Amino acid sequence: DTGSAAATPIDPRFDIAYVTPVTIGTPPQTLQLDLDTGSSDLWVFSSHTPASQVRGQQIYSPDKSTTSKLLDGHTWSIRYGDGSGSRGNVYTDNFAIGGIMVETQAVETAEEVSSSFTTEDNIDGLVGLGFSTLNTVSPEGQLTFFDNAKPKLDAPVFTADLKYMKEGTYDFGFIDESKYTGEITYVPVDTDPGYWTFTSSGYGVGSGTFSSSPITGIADTGTSLVYLPTAIVTAYYRQVEGATNSRSYGGYVFPCNSTLPPFVFGIGEAKFTIPPSYMSYAAVTDGSPTCFGGLQSSSGIGINIWGDVALKAAFVVFNGEEPPTIGWANK
Ligand SMILES: CC(C)C[C@H](NC(=O)C[C@H](O)[C@H](CC1CCCCC1)NC(=O)CC[C@H](O)[C@H](Cc1ccccc1)NC(=O)OC(C)(C)C)C(=O)O
């Protein structure tokens, strides 16, 4: 099998997250989920989520599906890097993305969600596309959609073609040559503890010299920005007039009318350029003349994260063969 599905920005002002339509159950219930390579739980707003915590999200009702089955005695509870979280029970049911159907997918139904999920009415849940070792279901961890779908895919891969302020695509089971230019550069993936962890070959600021130094981090479709070591981040903002590391805004900000250099990163011998428009992420509040940078320091996180600001600049292949690799191509 092969399949494709849209990745649509949830906010027209800036690319904070992307959602993809999925169907669950019989008859199919359609929800808009955030495909997240930085985690491995598939969870949804549901008929079990208290009404006070639901604000416009689509919900999955297992009782309305003839193919749903409670996974008795199983629960899940997750806390994300941004402090948000959710917990609940587990069903298995039919689950499809882009026409790829998995009959007994573990679908984690929310009994509780944190306030930032309640207020984010464009996200009905997540599809974790990290490695199944990160799945939080207890007492037995469950497989991700990709792990369940892999045997029926023409090739054990999925690709991300995320775009700047417009609809992109996730493809499953095939590599669409029309979506990239030149060659795909593949590098090894360390699957411990369960992220798509790889090592970039270095970085450059604007037309400055390229610094060849290994940067190990995760490819994370569920993180909006790029988080790298402080030395790299300060080297970048040194080139931005009026940039400061703002405690109140929680990161590097600068006047929106400042000229920003592009940010270059290496994958093997290949080079990828994040354009200035992506590096000026958004005004700190609507209409403010102060903008928040798309590159921030990872010093408070503990790992480097290549989030959407970087992924948007490339066509990325998440290759699930043994051993897994990750491929990057220009587009
Ligand atoms: C539980 C573990 C097994 C896995 C877990 N994984 C992660 O935390 C990374 C993972 O990719 C999670 C997945 C996201 C959780 C929150 C909802 C959206 C998905 N990423 C995260 O936790 C990182 C959070 C994102 O970067 C947010 C996302 C967001 C979306 C919509 C509205 C507001 C905020 N953006 C965000 O804060 O953007 C700003 C800075 C511009 C405001 C971990 O490492 O702890």
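Note that the structure is a prediction, hence the values are computed from the model and not measured. Just follow the structure's listing: the first ligand is 1, and inside any ligand the first atom is 1.
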Chemist: In sequence, state the C-alpha distance, the side-chain angles, and the governing distance for Phe263 and Thr273, and then conclude on side chain to side chain contact (heavy atoms under 4.5 Å, CB included).
Modeler: CA-CA 6 Å; Phe263 181 81; Thr273 299; over 6 Å; no

Chemist: Below 3.5 angstrom, do we get any N/O pair linking Gly81 and ligand 1?
Modeler: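 Yes; the residue has a nitrogen or oxygen that sits under 3.5 Å from a nitrogen or oxygen of the ligand.
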
Chemist: Go through the side-chain N and O atoms of Thr244 and Ser246 and say whether any donor and acceptor fall under 3.5 Å apart.
Modeler: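 Distance-only check fails for Thr244 and Ser246.
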
Chemist: Among all protein heavy atoms, pick the one closest to atom 15 (C) of ligand 1 and tell me residue, atom and distance.
Modeler: Tyr80 CG, 3.5 Å

Chemist: For Phe265, is the NZ or CZ atom of Lys271 found under 6.0 angstrom from the centre of its six-membered ring and inside 45 degrees of the ring axis?
Modeler: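 Here Lys271 fails the 6.0 Å and 45° test against Phe265.
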
Chemist: Under 4.0 Å, heavy atoms only, figure out whether ligand 1 is touched by the backbone of Tyr281, its side chain, both or neither.
Modeler: side chain

Chemist: Which heavy atom of the protein is the closest neighbour of atom 13 (C) of ligand 1, given with residue, atom name and distance?
Modeler: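 Of the protein heavy atoms, Asp36 OD2, 3.3 Å lies nearest.
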
Chemist: Report, in ascending order of atom number, the atoms of ligand 1 lying under 4.0 Å from any heavy atom of Asp220.
Modeler: 9 (C), 10 (C), 11 (O)

Chemist: Please list, in number order, the atoms of ligand 1 under 4.0 Å from a heavy atom of Phe117.
Modeler: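 Taking each heavy atom of Phe117 in turn, ligand 1 has 16 (C), 17 (C) under 4.0 Å.
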
Chemist: Evaluate the side chain to side chain contact (heavy atoms under 4.5 Å, CB included) criterion for residues Val54 and Ile59: first the C-alpha distance (whole Å), next the side-chain angles of each, then the deciding distance (0.1 Å), finally the verdict.
Modeler: CA-CA 9 Å; Val54 183; Ile59 65 167; 4.2 Å; yes

Chemist: Going by an N to O cut-off under 4.0 Å, is there a salt bridge joining Asp171 and Lys179?
Modeler: yes

Chemist: Against ligand 1, does Tyr227 come closer than 4.0 Å with any heavy atom?
Modeler: yes

Chemist: Where is the nearest protein heavy atom to atom 26 (O) of ligand 1: which residue, which atom, and how far?
Modeler: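 Protein heavy atom with the smallest distance to atom 26 (O) of ligand 1: Ser224 N, 3.2 Å.
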
Chemist: Is Lys69 salt-bridged to Asp93, cutoff N-O under 4.0 Å?
Modeler: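 No salt bridge links Lys69 with Asp93.
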
Chemist: Would you say the ring centroid of Phe198 lies under 6.0 angstrom from that of Trp328?
Modeler: yes

Chemist: Run the side-chain hydrogen bond (donor to acceptor under 3.5 Å, both in side chains) check on Thr181 and Asn330 step by step: do they pass?
Modeler: CA-CA 6 Å; Thr181 59; Asn330 277 290; 5.7 Å; no

Chemist: Do the side chains of Val157 and Leu129 join up, straight or via other hydrophobic residues, at under 4.5 Å, putting them in one cluster?
Modeler: no

Chemist: Where on Arg79 is there a heavy atom closer than 4.0 Å to ligand 1, on the side chain, on the backbone, on both, or on neither?
Modeler: backbone

Chemist: Scan the protein's non-hydrogen atoms and note whether one is under 4.0 Å from atom 20 (N) of ligand 1.
Modeler: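 Yes, there is a protein heavy atom closer to it than 4.0 Å.
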
Chemist: Tell me whether Phe14 reaches ligand 1 (any heavy atom closer than 4.0 angstrom to a ligand atom).
Modeler: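 Phe14: no contact with ligand 1 (<4.0 Å).
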
Chemist: Applying a heavy-atom cut-off of 4.0 Å, say which part of Thr223 lies close to ligand 1: side chain, backbone, both or neither.
Modeler: both

Chemist: Could you check which of Gly130, Gly125, Gly222 puts a non-hydrogen atom nearest to atom 14 (C) of ligand 1?
Modeler: Gly222

Chemist: Could an N or O of ligand 1 be found under 3.5 Å from any N or O of Thr136, whether backbone or side chain?
Modeler: no

Chemist: Does Lys150 come within less than 4.0 Å of Glu321, counting only side-chain N to carboxylate O?
Modeler: no

Chemist: Quick one: does ligand 1 sit under 4.0 Å from the side chain of Asp34, the backbone, both or neither, non-hydrogen atoms only?
Modeler: side chain

Chemist: Using a strict cut-off of 4.0 Å, indicate which atoms of ligand 1 neighbour a heavy atom of Ile78.
Modeler: 1 (C)

Chemist: Of the protein's non-hydrogen atoms, which lies at the shortest distance from atom 29 (C) of ligand 1, and what is that distance?
Modeler: Ile16 CG1, 4.0 Å

Chemist: Give the residue and atom name of whichever protein heavy atom lies nearest to atom 24 (C) of ligand 1, and the separation in Å to one decimal.
Modeler: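 Of the protein heavy atoms, Asp82 CB, 3.6 Å lies nearest.
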
Chemist: Among all the protein's non-hydrogen atoms, which is closest to atom 5 (C) of ligand 1, and how far away is it?
Modeler: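 Here the nearest protein heavy atom works out to Gly38 O, 3.8 Å.
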
Chemist: Quick check on contacts: which atoms of ligand 1 are under 4.0 angstrom from a heavy atom of Glu120?
Modeler: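 Ligand 1 atoms under the 4.0 Å threshold to Glu120: 32 (C).
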
Chemist: For Lys64, is the NZ atom crowded, meaning more than 12 foreign heavy atoms sit under 6.0 Å from it?
Modeler: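 It does not: Lys64 NZ has 12 such atoms or fewer within range.
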
Chemist: Yes or no on side chain to side chain contact (heavy atoms under 4.5 Å, CB included) for Ile16 and Ile10, after CA distance, side-chain angles and deciding distance?
Modeler: CA-CA 7 Å; Ile16 194 158; Ile10 63 168; 3.7 Å; yes

Chemist: Between Thr109 and Ser46, is any side-chain donor less than 3.5 angstrom from a side-chain acceptor?
Modeler: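 No - no donor-acceptor pair under 3.5 Å links their side chains.
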
Chemist: For Phe292, which part has a heavy atom under 4.0 Å from ligand 1: side chain, backbone, both, or neither?
Modeler: neither

Chemist: Starting from atom 3 (C) of ligand 1, find the nearest protein heavy-atom neighbour and note its residue, name and distance.
Modeler: Leu134 O, 3.7 Å

Chemist: Considering the heavy atoms of Tyr195, write down every atom of ligand 1 situated less than 4.0 Å from one of them.
Modeler: 43 (C), 44 (O)

Chemist: Take Glu111 and Asn89 through the test side-chain hydrogen bond (donor to acceptor under 3.5 Å, both in side chains) and record every step on the way to the result.
Modeler: CA-CA 7 Å; Glu111 298 251 83; Asn89 300 313; 2.9 Å; yes

Chemist: What part of Phe131 sits under 4.0 Å from ligand 1 if we count only heavy atoms: the side chain, the backbone, both or neither?
Modeler: neither

Chemist: Determine if the distance from atom 33 (C) of ligand 1 to the closest protein heavy atom is below 4.0 Å.
Modeler: yes

Chemist: Taking the six-membered ring for Trp, are Tyr91 and His48 closer than 6.0 Å centroid to centroid?
Modeler: yes

Chemist: As an exercise, identify every atom of ligand 1 less than 4.0 angstrom from a heavy atom of Ser84.
Modeler: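 Answer for ligand 1: 16 (C).
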
